[in-house]
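What follows is a single structure, written as structure tokens, with notes after it.
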Amino acid sequence: MKQFITSQRRILVVRSPLFIHIARIWPSTIFILGYDTFTRLLLPKYYDNDPANVVKVLDEFRSTKAHFLVSGRYDANRQEYIVPDFDKDLEYPDYKDLFSVLTEDEFRVDLSSTELRAQGKVL
């Protein structure tokens, strides 16, 4: 995490069930997400299966000045490191300004949280 710390920034590690809760408490938060968490963040099933509710939450993220840095992941099937393409993959293109990609050079850790949990290690 050292690469994200500057004299002007701090890192908070919190346990909150929803990112929006954190954004409400700490406006201007920059969230660092993995590729899979990013894709789940925008799934309507987490918003009463209603895409309009996804838009409401994205509007609220914007109003709190939240931003998301999204890392890629290694895709074993394609045997390559993939990152989200917000122009192509984002179902809510009006909100792509909320997201930025962390490139492979900036951030790559081939670490599976599922594997860590299976080993009894806590993140």
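Heads up: numbering here begins at 1 and tracks the sequence.
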Rounded to the nearest 0.5 Å, what separation is found between the OG1 atom of Thr64 and the CG atom of Leu98? 8.5 Å

Between NE2 of His67 and CD1 of Ile32, what distance do you get to the nearest 0.5 Å? 11.0 Å

Search all heavy atoms of Arg24 against all heavy atoms of Pro27 and return the closest pair with its distance. O-CD, 4.1 Å

Could you state the interatomic distance from CG (Leu58) to CG (Leu42), rounded to the nearest 0.5 Å? 6.0 Å

Look at atom CG of Asp48 and say whether more than 12 heavy atoms of other residues, nucleotides or ligands are closer to it than 6.0 Å. no

Does this structure show an ion pair linking Asp97 with Arg62, if we count only N-O contacts that are shorter than 4.0 Å? yes

Could you tell me whether the side chain of Leu18 reaches within less than 4.5 Å of the side chain of Tyr46, counting heavy atoms only? no

Mind running side-chain contact (heavy atoms from CB on, under 4.5 Å) on Phe38 and Leu90 for me, showing each step along the way? CA-CA 10 Å; Phe38 161 71; Leu90 191 60; 3.9 Å; yes

Looking only at heavy atoms, which two atoms of Ser71 and Gly34 are closest? And how far apart? OG-CA, 3.4 Å

Return the minimal non-hydrogen interatomic distance between Pro84 and Val70, and the atom names on each side. CG-CG1, 3.6 Å

Could you report the tightest heavy-atom contact between Ile22 and Ser16, atom names first, then the distance? CG1-CB, 3.7 Å

Would you mind reporting whether Leu33 and Phe19 have side-chain heavy atoms less than 4.5 Å apart? yes

With the side chain counted from C-beta on, respond yes when Phe61 and Ile20 share a heavy-atom pair under 4.5 Å apart, and no when they do not. yes

Check the angle between the aromatic planes of Phe31 and Phe68 and answer parallel, tilted or perpendicular using the 30° and 60° thresholds. parallel

Partners meeting side chain to side chain contact (heavy atoms under 4.5 Å, CB included) with Pro51 (sequence neighbours left out): Pro44, Tyr92

Could you tell me the separation between the CZ atom of Arg73 and the OH atom of Tyr35, rounded to the nearest 0.5 Å? 7.5 Å

Atom CG of Asp59 and atom CG of Asn53: how far apart are they, to the nearest 0.5 Å? 11.5 Å

